[in-house]
There are 2 protein chains.
Amino acid sequence: MFKGQFIHSIDNKGRVSIPAKLRKYIAPEANNSFVMTQGIDACIDIYPRDQWLTIEEKLLKLNTFIQKESRFLRLMLQNAHEDEMDAQSRIVIPQNLLDYAQIENEVLILGALKKIEIWSPRVYNAYISSSQETFEQIASEVMSL
Amino acid sequence: MFKGQFIHSIDNKGRVSIPAKLRKYIAPEANNSFVMTQGIDACIDIYPRDQWLTIEEKLLKLNTFIQKESRFLRLMLQNAHEDEMDAQSRIVIPQNLLDYAQIENEVLILGALKKIEIWSPRVYNAYISSSQETFEQIASEVMSL
DNA sequence: CCACTTTTCCCCACTACACCCCAAAATAAT
DNA sequence: ATTATTTTGGGGTGTAGTGGGGAAAAGTGG
């Protein structure tokens, strides 16, 4: 499962290399293919193909004849993009996702168990320091279930 | 399954090319044939033939001796149109559907799992920004089920 | 039933960008 | 210090997207 954070550069073609430490955890079933979508909060979610398929199964259960469910599906898929790693273990992130995450020339790559998140370092720092609650408070709330 | 958005042009013959990224997901059983109908909200739904058949099965279960169901069937089928891709992977969209979706010379093509949606870029942006709810709110509502 | 007009379909051709390959720099390991 | 691996950068080529012309077919009216 993915974990840890890494700072990498992103070149002018939108390419980001997947850290070797994270690559180890990619299942062979993913076929070096990834699906990226806009994430919760200003980041990009990157799912190895096999993990994405479990998300897709949930989405397939939505009833697209209901306006609200249709809207969610559009929001979720409008910036979705599939790509394979090149021989140098890089993927290309399209411009609309970079805009969404306010990314310029550096990215913060965050391992998040089943998926990888891509942040603008600046935005991520702001996000972390934005909450009033301490780590201990949130921990006790979320983990006591 | 279809995903992602693409801006393509529509020429004065009503032709739109299906993005190569979406073409990959069309089942061979579809025989390069598509059925287009008016969609939920101001867009055009494009189903590969094999996917359309599952919709058709549902429609066949409607009781046309009930006025409301009969009306729905008429609304659904009045602008339905079947067409095959040409050698350049384009389909022709009839004028009445273009009018319905308020399309002029550019289209936004949206992959939506089983189907492809065609929007006027202007109309789509208005649609997306029309809701008060954020992506995060809708996501937590719809996906927590 | 025939002639004419209009639309549809198919083919060819151009342009641009995305992809793939090669290569260098930087970091880590031996 | 040397080797191996990881990260970063750039250049050529194939294919995707677009536009237009001409043949075939369909529709319209005399």
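Values reported hereafter were calculated over all heavy atoms of this structure, with side chains retained and with hydrogens, waters and symmetry mates removed. By convention in this document, chain letters (A, B, ...) are assigned in the order of the sequence lines, proteins followed by strands, and residues within each chain are numbered from 1.
- In the helix from C/dC1-D/dG30 to C/dT30-D/dA1, the end axes, each obtained as the rotation axis mapping the C1' atoms of four pairs onto the next four within a five-pair block, lie 30° apart to the nearest 10 degrees.
- Looking at heavy atoms from C-beta onward, B/Glu69 lies out of side-chain contact with B/Thr64 at the 4.5 angstrom threshold.
- Whole-Å rounding puts the B/Ile109 CD1 to D/dA16 C1' distance at 12 Å.
- In this model, no side-chain donor or acceptor of B/Lys21 finds a partner on the base of D/dG17 within 3.5 Å.
- Nucleotides of DNA chain C nearest to A/Lys13 and B/Lys13 differ in position, and the one nearer the 5' end is that of B/Lys13.
- Here chain A contacts DNA chain C (any atom closer than 4.0 Å to a heavy atom, that is under 4.0 Å), and the contacts span C/dC19 to C/dA23 from 5' to 3'.
- Judged by atom type and distance alone, B/Arg90 reaches the base of D/dG19 through a side-chain donor-acceptor pair under 3.5 Å.
- Between B/Ile44 and B/Ile103 the shortest side-chain heavy-atom distance falls below 4.5 Å.
- Between A/Glu82 and B/Lys24, none of the side-chain N atoms (NZ, or NE/NH1/NH2) sits under 4.0 Å from a carboxylate O, so this pair counts as no salt bridge.
- Here the nucleotide nearest the side chain of B/Arg23, chosen from D/dG17, D/dG9, D/dG20, is D/dG17.
- Summarising the geometry, the separation between CE on A/Met85 and C1' on D/dT7 is reported as 14 Å, rounded to the nearest angstrom.
- Paired with B/Phe34 under the rule side-chain contact (heavy atoms from CB on, under 4.5 Å), one option of B/Met85, B/Arg49, B/His81 passes, and it is B/Met85.
- Residue A/Ile18 is classed as a sugar-phosphate contact, given heavy-atom separations below 4.0 Å to backbone atoms only.
- Counting heavy atoms from C-beta outward, B/Cys43 and A/Arg74 have side chains that approach closer than 4.5 Å.
- The CG atom of A/Asn12 sits 11 Å away from the C1' atom of D/dT8 (whole-angstrom rounding).
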Original post:
Stepwise, does the side chain to side chain donor-acceptor pair (under 3.5 Å) test hold for A/Asn31 with A/Glu84?
Top reply: CA-CA 8 Å; A/Asn31 282 109; A/Glu84 284 185 24; over 6 Å; no
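- The side chain of A/His8 has D/dT7 as its nearest neighbour among D/dA16, D/dG10, D/dT7.
- Residue A/Ser9 places its side chain closer to D/dT8 than to any other of D/dT8, D/dT18, D/dT7.
- Proximity of B/Tyr25 to B/Met1: side-chain heavy atoms (C-beta onward) are nowhere separated by under 4.5 Å.
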**OP:** Output, in order, the C-alpha distance, side-chain angles, deciding distance and verdict of side chain to side chain donor-acceptor pair (under 3.5 Å) for A/Glu117 and A/Tyr124.
**Re:** CA-CA 11 Å; A/Glu117 294 184 353; A/Tyr124 185 71; over 6 Å; no
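- Residue-level contact check: B/Asp86 touches neither bases nor backbone, having no heavy atom under 4.0 Å from any strand.
- If you check every strand for non-hydrogen atoms under 4.0 Å, B/Ala87 touches nothing.
- Summary of the strand contacts: A/Asp83 and A/Gln88 both lie near DNA chain C, and taking for each the nucleotide with the nearest heavy atom, the more 5' one is attributed to A/Asp83.
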Original post:
Going through the checks in order, is the salt bridge (Lys or Arg N to Asp or Glu O under 4.0 Å) test met by A/Arg71 and B/Glu133?
Top reply: CA-CA 11 Å; A/Arg71 173 183 283 272; B/Glu133 287 185 293; over 6 Å; no
